[in-house]
Student: 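Pasting a structure below so you can have a look.
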Amino acid sequence: MNQEPDQRPAFLQERQRASLTLRIGKRFKSRSEIDVSSAGLLSIGGLVSMILLSTAVIVRAAGGGRRAASLQRAELKKISFGPQDAS
């Protein structure tokens with residue numbers, strides 16, 4: 001697909017622009033600008049979704065070790081090491 005810059009598909013021609021000026025106190029001033037196409041916004045959304053999904057999996061896996069350890073402790077509490085009452 002060798003297209004001239006002016007013959008791009010419509011979804012690539014539309015641009016989303018934003019700017020932000022942040023001032024904190026009298027000494028700090030920051031200015032940011034962004035210019036993204038619709039396809040770029042879609043890819044950014046996909047990346048953020050993947051990061052959030054992978055973080056949830058990592059947190060769940062990390063919690064699984066603690067859960068297994070607590071189950072082992074519960075099982076150890078059930079085991080009695082002395083003579084049992086014949087009730």
Side-chain angles (χ1 to χ4, degrees):
M1 281 181 67
N2 231 352
Q3 295 180 343
E4 296 295 322
D6 58 345
Q7 296 178 351
R8 293 180 293 175
F11 70 93
L12 291 177
Q13 291 178 358
E14 295 179 19
R15 309 291 289 183
Q16 308 294 322
R17 292 179 178 86
S19 65
L20 170 72
T21 302
L22 179 65
R23 186 177 192 100
I24 300 175
K26 294 181 181 180
R27 294 186 179 186
F28 181 78
K29 183 178 180 181
S30 176
R31 179 168 170 76
S32 300
E33 292 183 15
I34 188 167
D35 180 16
V36 182
S37 69
S38 298
L41 283 175
L42 182 63
S43 65
I44 291 169
L47 286 171
V48 170
S49 297
M50 287 295 157
I51 290 168
L52 292 175
L53 286 172
S54 64
T55 303
V57 170
I58 291 170
V59 168
R60 182 173 172 93
R66 283 183 273 156
R67 183 176 176 194
S70 67
L71 287 175
Q72 281 181 335
R73 284 192 298 269
E75 288 296 321
L76 285 175
K77 287 180 184 178
K78 290 180 185 178
I79 299 172
S80 63
F81 291 102
Q84 299 216 352
D85 296 334
S87 3

Student: For the atom pair CZ (Arg31) and CG (Leu22), what is the distance rounded to the nearest 0.5 Å?
Tutor: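 Arg31 CZ to Leu22 CG: 12.0 Å, rounded to 0.5 Å.
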
Student: Please report the interatomic distance CD1(Ile44) to OG(Ser37), rounded to the nearest 0.5 Å.
Tutor: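 One finds 8.5 Å between CD1 of Ile44 and OG of Ser37.
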
Student: To check you understand the geometry: which heavy-atom pair defines the closest contact between Arg15 and Arg17, and what is its length?
Tutor: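 For Arg15 and Arg17, the tightest heavy-atom pair comes out as CB-NH1, 3.7 Å.
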
Student: Count I, L, V, M, F, W, Y as connected when their side-chain heavy atoms are under 4.5 Å apart, and connections chain through other members. Are Ile34 and Leu41 then in the same cluster?
Tutor: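 Linked, Ile34 and Leu41 end up in one cluster.
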
Student: Calculate, to the nearest 0.5 Å, the distance between atoms CD1 and OG belonging to Ile24 and Ser30 respectively.
Tutor: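 Answer rounded to 0.5 Å: 8.5 Å.
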
Student: What's the spacing between Leu47 CG and Leu42 CG if we round to 0.5 Å?
Tutor: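 So the gap between those two atoms works out to 10.0 Å.
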
